[in-house]
Protein chains: 2
Amino acid sequence: MRHETDESLTRICLAVFRLNGALLDAGDELARPLLLTSARWQVLGALALSDTPLTAPRIAQAIGLTRQGVQKQLNALAPLGYLEKLENDDNRRSPLFWLSDAGRRAYQEMDALYRSWAAKLVLGLPVEELADAARTLEELAGRVKSWGASNTPQRGGRES
Amino acid sequence: MRHETDESLTRICLAVFRLNGALLDAGDELARPLLLTSARWQVLGALALSDTPLTAPRIAQAIGLTRQGVQKQLNALAPLGYLEKLENDDNRRSPLFWLSDAGRRAYQEMDALYRSWAAKLVLGLPVEELADAARTLEELAGRVKSWGASNTPQRGGRES
DNA sequence: GCCTACTTGACAACCGGCTGTCAACAATGT
DNA sequence: ACATTGTTGACAGCCGGTTGTCAAGTAGGC
């Protein structure tokens, strides 16, 4: 009887779509006081989690976006004073980006906001339920991503 | 110990982002042979599941998008011959949309493609695992959507 | 019958993704 | 040294969403 699992999968898909939108909205709302958006927060996060300055393409690689998309966010982030642009000896045209003090403060503030938001969100939900859901989603994401729609070779490696 | 549930939530968020992108890509790939995209498929679905013709705003309401966004897809769908535009006696400016024979065939074909894709995707995954994940996601989506980022009244109802 | 308020389609603009292209620079092989 | 290949930033354009605005049609109160 595949029918029930199909229905569950459909429910998961629909919930993922709704949740994705809701999470981005919530992230934007969380980030607004700091002049950030979900996308820019993610870029800050890549730098905050790295132990060395990164170029735009490295950041893109780290968060799974294209270098062009990340470049957009970096260009928007720079005027806010959250970034430090360092000369890159390995490639004069591609500067290294690093968090400025203000950027690091902003990221830490975002992290605190996120943590308290998350804590409120999961009130009353059993740990195992969340951990199980995380595992299932990761499994599904892996399958979908590697399979694509058919068993067709996926259009992976992007432009390079 | 809240820490572990926070981590699980973060994992869920990241998985949701990845899965959302992967599902849309897979949907586009599935729909391509029928000249459709994920977005247009969803619009066809709203009409297929309805028992009466619908106006653009009604479709938007059904699938949770703005009327303008749906209008875009309808405008794109019409030239494909998948839609029938019926005069609306209740509002001369707002035609009712209905699936043409070709549209209904296309939707049924999409449904078949989706079902076989879904069946392959969940091979080996226990039904309960998927059902549990679906429940958890629906719970989370509901919480995030109604809470927003803070306990701030959400900006629901859109433009009207 | 008229005025107001709502609904609707059309249009423009924006956002965050994507792709593609071009030119500059870097790295590598010969 | 030189040619080739790869990386990178800049830019333009597309997609699917959003918002906002405008004008036309509709509905309801008076």
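None of the values given here were measured: they were computed from a predicted structure. Each chain gets a letter, A, B and so on, in the order its sequence line appears, and its residues count up from 1.
- A straight line from CG of B/Asn20 to P of D/dG16 spans 14 Å, rounded to a whole angstrom.
- For the pair A/Ile63 CD1 and C/dG17 P, the interatomic distance rounds to 8 Å; values are reported in whole Å.
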Scan the side chains in residues 75-90 of chain B for donor-acceptor partners under 3.5 Å anywhere in the protein, sequence neighbours excluded, and list what turns up.
unit_1, atom_1, unit_2, atom_2, d
B/Asn75, ND2, B/Gln71, O, 3.4
B/Tyr82, OH, B/Leu34, O, 3.0
B/Asn88, OD1, B/Asp90, N, 2.9
B/Asn88, ND2, B/Ser94, O, 3.0

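- Residue order along DNA chain D, read from the 5' end via each residue's closest nucleotide, puts A/Asn75 first among A/Lys72 and A/Asn75.
- Protein atom CG of B/Leu23 is 17 Å distant from nucleotide atom P of C/dG17, rounded to whole Å.
- Salt-bridge annotation for A/Arg135 and A/Glu139: absent, with no side-chain N of the basic residue lying under 4.0 Å from a carboxylate O of the acidic one.
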Output a table of donor-acceptor pairs, distance under 3.5 Å, between side-chain atoms of residues 56-65 of chain B and any protein atom two or more places apart or on a different chain; print 'none' if there are none.
unit_1, atom_1, unit_2, atom_2, d
B/Arg58, NH1, B/Gln61, OE1, 2.0

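- If you take CG of B/Leu74 and C1' of D/dG17, they are 15 Å apart, rounded to a whole angstrom.
- For B/Thr66, whose side chain is taken as the heavy atoms from C-beta onward, the closest listed nucleotide among C/dT21, C/dA10, D/dT18 is D/dT18.
- Annotation: side chain of B/Leu9 is in contact with side chain of A/Trp117 (closest heavy-atom distance under 4.5 Å).
- If you measure from atom CG of A/Leu24 to atom P of D/dG16, you get 18 Å, rounded to the nearest angstrom.
- The base of C/dG20 sits with one of its N or O atoms less than 3.5 Å from a complementary donor or acceptor on the side chain of A/Gln68.
- Looking at B/Thr55 and B/Asn91, their side chains never come closer than 4.5 Å, going by heavy atoms from C-beta outward.
- A donor and an acceptor atom, one from each side chain of B/Ser38 and B/Asp28, are located under 3.5 Å apart.
- Taking the nucleotide of DNA chain C with the nearest heavy atom to each of A/Val70 and B/Gln71, the more 5' of the two is matched to B/Gln71.
- In this structure, the side chains of B/Thr37 and B/Leu24 stay at 4.5 Å or more apart for every pair of heavy atoms.
- Nearest to the side-chain atoms of A/Ala39 among the listed nucleotides D/dT21, C/dG17, D/dT18 stands C/dG17.
- A/Gln42 places its CD atom 18 Å from the P atom of C/dC15, with the value rounded to the nearest Å.
- In this structure, B/Arg67 does not reach the D/dT18 phosphate: none of its side-chain N or O atoms is under 4.0 Å from OP1 or OP2.
- Of the candidates D/dG9, C/dG9, C/dG17, the closest approach to any side-chain atom of A/Gln73 belongs to C/dG17.
- The residue A/Thr37 sits close only to the backbone: its heavy atoms come under 4.0 Å of sugar-phosphate atoms, none of a base.
- Between the P atom of D/dG17 and the CZ atom of A/Arg18 lies a distance of 16 Å, rounded to the nearest Å.
- With rounding to whole Å, B/Trp41 atom CH2 is found 20 Å from D/dC15 atom P.
- The stretch residues 86-95 of chain A comes close to DNA chain C through A/Asp90, A/Asn91, A/Arg92, A/Arg93, each having a heavy atom under 4.0 Å from the strand.
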